[in-house]
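Counting begins at 1 with the first residue of the sequence. The analysis underlying the following values was restricted to heavy atoms, covering all of them including side chains, and did not include hydrogens, waters or symmetry mates.
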Amino acid sequence: PTQSLSFAVLPTAPTISPRLDEARALLKERFGYPDFRPGQTEAVSAVLEGRDTLVVLPTGGGKSLCYQVPALLLDGLTVVISPLISLMKDQVDALTARGLPATFINSTLSASEVSDRMARVQRGEVKLLYVAPERFDLGTTAERLKAVGVRLLAVDEAHCISEWGHDFRPSYLRVKDVRQRLGAPPTVALTATATPEVREDIVRQLALRDPALILTGFDRTNLSYHVVAVKNDAAKDATLIDLLAERTDGGVAIVYASTRKTVERIATMLQRARV
C-alpha cells in the first residue's frame with residue numbers, strides 16, 4: 001500500500017551548529033552586522049550542519065544571509081537559483097563590492113560572457129554562483145557544475161516551485177532533476193510567503209531530506225496597516241497626494257501599483273503635484 005508523502009517530509013527543528021561563532025565573526029567582519037536576526041541563527045546553523053533546510057522569513061528578514069554566510073565558510077561552490085534577474089545582479093554587485101567572490105549567469109549575458117564566468121567557476125575563483133532557473137539545466141551547465149562540485153544549493157523564491165503558490169514558474173520543476181544530477185548537495189529553500197500546503201509542496205518537489213524548518217511568521221512589527229476608502233480614481237489620486245503631503249518626518253514613501261503603466265501615470269501625477 002502507498003503511504004502519503006507528507007508523513008515522510010515533515011520538517012524537523014534545527015540544531016545549533018558549533019561553527020556559529022565563526023559565522024557571527026564573518027557576519028560582523030564582512031557584512032557589518034553585530035549579530036543575526038531571529039530565524040537567521042537557526043537557518044545558518046542548519047545549513048552549516050549540512051542539513052536540507054526550508055526557511056520562511058518575511059520580506060526584509062534577511063533571507064540571503066542564510067546562505068551567503070555559510071557559502072563563505074564552506075569549502076567549494078554554492079549555487080543560488082534565483083528567478084529575479086535584477087535582484088540577482090544587485091546581490092552579486094553588493095557581494096563583489098565587499099570583496100566576496102560571486103558572479104551570475106542569466107539571459108542578459110552573451111555566450112562568451114557565460115563561458116568566461118564558467119571558466120572562473122571551474123578555476124575555483126567563485127564562491128557564489130547565481131543562476132536563473134531557465135539556465136540551470138541549459139546545455140552543459142549542470143555537467144560542468146557537477147565536475148566542479150557543488151557544496152550547497154540555495155533555491156531562492158522557493159514558492160515558485162509550487163503550483164499551490166502565488167507565483168508558480170514551470171522552470172522551477174526542473175530544479176529537482178538537476179539537483180540529483182549534481183549529486184543531491186545539501187539544499188536550502190527560501191521564501192517569504194508559504195502556506196502549509198506550499199511548504200509541503202516545496203519539500204516534495206525538491207526532494208528535501210528530513211529538512212529543518214525555520215518559520216518566523218509573516219507579521220512585520222515595524223509596520224502598521226490601514227485602509228482609506230475612496231469613491232473613484234480621481235479621489236484616489238487626490239487622497240494619495242494629501243497623504244504624501246502630510247509626511248513631515250523626511251522619510252521615503254513607496255507607492256505600489258500592479259502595472260508599469262499605472263506606476264508611470266502615478267509618478268507623473270505626483271510630479272505635477274510637486275511631490
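Proximity of Tyr256 to Thr262: side-chain heavy atoms (C-beta onward) are nowhere separated by under 4.5 Å. Between Ile202 and Leu54 the shortest side-chain heavy-atom distance falls below 4.5 Å. The shortest distance between side-chain heavy atoms of Lys63 and Gln40 does not fall below 4.5 Å. Between Val131 and Phe104 there is no side-chain heavy-atom pair separated by less than 4.5 Å. Side-chain contact between Leu190 and Cys66 is present, with heavy atoms from C-beta onward closer than 4.5 Å.
The existence of a salt bridge linking Arg123 and Glu125 is confirmed by a sub-4.0 Å separation between a basic side-chain nitrogen and an acidic carboxylate oxygen. By the 4.0 Å N-to-carboxylate-O rule, Glu143 lies close enough to Arg181 to be salt-bridged with it. A salt bridge links Arg204 with Asp201; the closest basic N to acidic carboxylate O contact falls under 4.0 Å.
Of all heavy-atom pairs spanning Ala253 and Leu244, the tightest one is CB-CD2, 3.6 Å. Between Ala46 and Ala212 the shortest heavy-atom distance is CB-CB, 3.9 Å.
The side chain to side chain donor-acceptor pair (under 3.5 Å) test applied to Arg265 returns Asp237, not counting sequence neighbours. In terms of the salt bridge (Lys or Arg N to Asp or Glu O under 4.0 Å) criterion, residue partners of Asp52 (sequence neighbours excluded) are, by chain and number, Arg179, Arg209. Every residue meeting the side chain to side chain donor-acceptor pair (under 3.5 Å) condition with Ser110, not counting sequence neighbours, appears here in chain and number order: Ser112, Glu113. Remark: Thr78 engages no residue in a side chain to side chain donor-acceptor pair (under 3.5 Å) (not counting sequence neighbours). With sequence neighbours excluded, the residues satisfying side chain to side chain donor-acceptor pair (under 3.5 Å) with Thr108 are Asn106.
Under the 3.5 Å distance criterion, the side-chain polar atoms of Thr96 are matched with a main-chain donor or acceptor of Asp93. With Lys127 contributing its side chain and Leu74 its backbone, the two residues share a donor-acceptor pair below 3.5 Å.
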Can you give the donor-acceptor pairs under 3.5 Å from side chains of residues 23-33 to other protein atoms, not counting sequence neighbours?
residue: Arg24; atom: NE; partner: Asp35; partner atom: OD1; Å: 2.8
residue: Arg30; atom: NH2; partner: Arg98; partner atom: O; Å: 3.2

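Two different hydrophobic clusters hold Leu243 and Leu270 under the rule that ILVMFWY side chains link at heavy-atom gaps under 4.5 Å. Met269 and Val275 fall within the same hydrophobic cluster, where Ile, Leu, Val, Met, Phe, Trp and Tyr residues are linked whenever their side-chain heavy atoms come under 4.5 Å apart, directly or through other members.
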